[in-house]
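Take a look at the structure set out below.
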Amino acid sequence: MFTHSIRWRLQLWLAFLLVCVLSGFGITVYQLQRMNQFSQIDEELELRVAALDRAVRGGMPPGFGPGRPPFGRGLSKGSFEEGGRRPPPFRGKPDAPFLDGPPPRPKRDVRLSTEVAGLFDESRTNSFYFAAWHRDGALMQQSTNAPPDVPIPERFDRDTQTHTRTRESFREAYHFTEMGECVLAGRSIVADLRATHRFAWWLLAAGAAVLALAIGGGWRLTTRAIRPVEEISAAARRISEGNLSERIRVKDPENELGRLAGVLNSTFARLEVAFAQQKQFTADASHELRTPLTVLISEAQTTLARERSAAEYRETVETCLDTAQQMRRLTESLLELARLDAGLDNLQRAPLDLAETTRACVDLIRPLASQRGIKVSLDLKPAELSGNADRLAQVATNLLTNAIHYNNPAGEIRVATRIENGHALLSVADSGMGISPEDLPHIFERFYRADKSRSRATGRTGLGLAISRAIVEAHGGTIEVSSEPGIGSAFTVKLPAGREEAQKGVVAQILA
Ligand code: ADP
């Protein structure tokens with residue numbers, strides 16, 4: 001559905017905002033233009049109304065002549081006294097009946113001077129027209145170009161201001177004189193309205209063009225901005241279909257999407273490695289389990305092929321037992337690794353001294369070392385930390401048995417513990433065969449054995465160091481090795497140290 005598409009949603013928002021902004025702008029411009037046009041017409045009309053006012057006053061009978069206050073102002077008392085006659089009071093509508101009998105209507109007409117007549121030149125296009133009414137509403141005079149039946153404007157109060165009105169396609173300005181007559185100037189605004197309409201259409205067309213341009217540009221921009229996202233999702237789809245070596249092509253690794261693609265690529269790379277390791281692990285595990293199974297079956301088949309003596313049967317059963325025990329060790333190691341991988345191995349931690357844990361392990365393996373004539377020397381300084389004593393003992397035992405197993409007869413093992421730079425260190429160094437530089441980077445990998453045939457024959461699983469590393473890492477530590485072929489190897493375990501750390505670990509466990 002297109003409503004789910006980010007691109008469409010962005011476009012719709014952009015279009016909505018643009019329509020709002022453009023219509024607001026267009027309406028404002030249109031109104032300003034119209035106001036400007038009408039104020040120009042009104043100025044011209046007011047000029048003419050003022051001239052008409054003067055002309056009407058000029059056409060007054062004696063006593064109403066010059067001396068009147070100028071157009072638009074209030075009537076001065078002195079001027080009426082001067083004329084000896086006060087005009088009848090205003091009664092509302094221009095043609096309202098007079099309460100004290102019909103007033104004498106002064107004989108007035110519009111006498112246009114040449115200059116004023118020029119303002120109403122009928123020969124000019126778009127010419128102005130005029131009309132004047134007596135105070136009783138009777139038409140006094142109107143120009144020949146005036147439209148038929150110009151209605152006299154309604155007067156609502158006594159004001160003598162000039163008013164304007166739009167009537168059909170005419171704009172008119174009118175004014176009531178102090179004596180109550182009405183003068184009006186007007187002109188046709190057909191051409192002006194047409195121009196205004198043209199302007200409105202022009203605005204509409206310009207707005208539509210801007211809208212189309214902006215939407216087109218916006219579409220291009222969003223398409224370009226969204227393309228990397230589409231590439232990312234396409235690559236992710238191909239990867240999820242099984243092509244784990246696929247990567248997202250990043251054009252600009254510095255922008256936001258480029259950085260996201262970079263992070264995803266490194267995640268995919270890690271996933272690929274993890275899947276490959278998982279695959280390898282499954283294959284290796286099956287292989288490792290198949291070997292003792294084959295031994296078991298062939299031993300049993302060979303023995304059962306003919307009648308055997310009791311001693312022969314005993315020997316076969318012993319071989320089968322050895323093989324079964326080897327299988328059990330292997331399956332236990334595999335289960336342990338799986339638990340550590342999944343984080344299910346709940347490491348109950350407690351404050352402990354690594355020196356004491358190590359000493360207990362050395363005591364256990366010492367008989368094996370003596371059997372091979374290997375000397376074990378200790379330099380155990382207190383090294384307190386928070387950890388799981390059983391698991392750390394498993395690490396120490398594994399390092400010690402390796403040091404015995406891969407040592408020379410009558411060789412030497414040096415075991416040390418100490419605190420260094422806030423870390424509890426355990427080092428196990430031997431004077432054995434050492435590890436070649438090619439094997440060194442791989443010895444912590446699962447099932448990796450430098451000497452495969454010899455190790456397997458002696459029942460070694462190739463999982464000891466992998467399990468040790470998983471335990472040490474679960475404690476937040478590291479395990480390192482340095483080795484020189486023919487001279488010996490040294491393994492160093494580094495764990496976060498300190499009684500405080502140890503206490504914190506205990507408290508955290510209680511709270512959890
Ligand atoms: P294994 O059961 O084979 O000992 P480990 O994971 O403990 O498995 O060791 C992996 C490999 O590392 C061994 O097969 C061996 O080749 C090498 N290795 C481990 N410890 C030593 C050591 N102290 N000296 C020489 N080689 C060692």
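These numbers come from the heavy atoms of this one structure, side chains and all, not from hydrogens, waters or symmetry mates. Residues: numbered from 1 along the sequence shown. Read the numbers this way: they start at 1 and go in the same order the structure lists the ligands and their atoms.
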At less than 4.0 angstrom from any non-hydrogen atom of [X], what atoms of ligand 1 do you find?
X    : value
S489 : 24 (N), 25 (C)
Y448 : 10 (C), 11 (C), 14 (O)
G462 : 1 (P), 2 (O), 3 (O), 6 (O), 8 (O)

Item to check | Smallest separation among heavy atoms of I215 and A15, with atom names | outcome: CD1-CB, 3.6 Å
Item to check | Partner of L426 by side chain to side chain contact (heavy atoms under 4.5 Å, CB included), out of T492, T357, V415 | outcome: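 Passing option: V415.
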Item to check | D439, portion touching ligand 1 at heavy-atom distance under 4.0 Å | outcome: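 For D439, there is no contact with ligand 1 at all, from either part.
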Item to check | Residue portion contacting ligand 1 (non-hydrogen atoms closer than 4.0 Å) for A450 | outcome: both
Between ligand 1 and [X], is the shortest N or O to N or O distance under 3.5 Å?
X    : answer
G464 : yes
F491 : no
Y406 : yes
I435 : no

Checklist outcome for this item: Hits for salt bridge (Lys or Arg N to Asp or Glu O under 4.0 Å) against E44, two or more places apart or cross-chain, chain-then-number order -> none
Checklist entry - Between W13 and W8, is the ring centre distance below 6.0 Å? => result no
Checklist entry - Do R48 and E43 meet the salt-bridge criterion of a basic N to acidic O distance under 4.0 Å? => result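 Salt bridge between E43 and R48, a charged N being under 4.0 Å from a carboxylate O: no.
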Next on the checklist: Would S436 and D439 count as a side chain to side chain donor-acceptor pair (under 3.5 Å) here? Give the steps.
Outcome noted: CA-CA 5 Å; S436 72; D439 293 321; 2.9 Å; yes
Side-chain donor/acceptor pairs under 3.5 Å, residues 463-477, sequence neighbours excluded:
| from | atom 1 | to | atom 2 | distance (Å) |
| --- | --- | --- | --- | --- |
| S468 | OG | N398 | ND2 | 2.9 |
| S468 | OG | G464 | O | 2.9 |
| H475 | ND1 | I471 | O | 3.0 |
| H475 | NE2 | N388 | N | 2.9 |

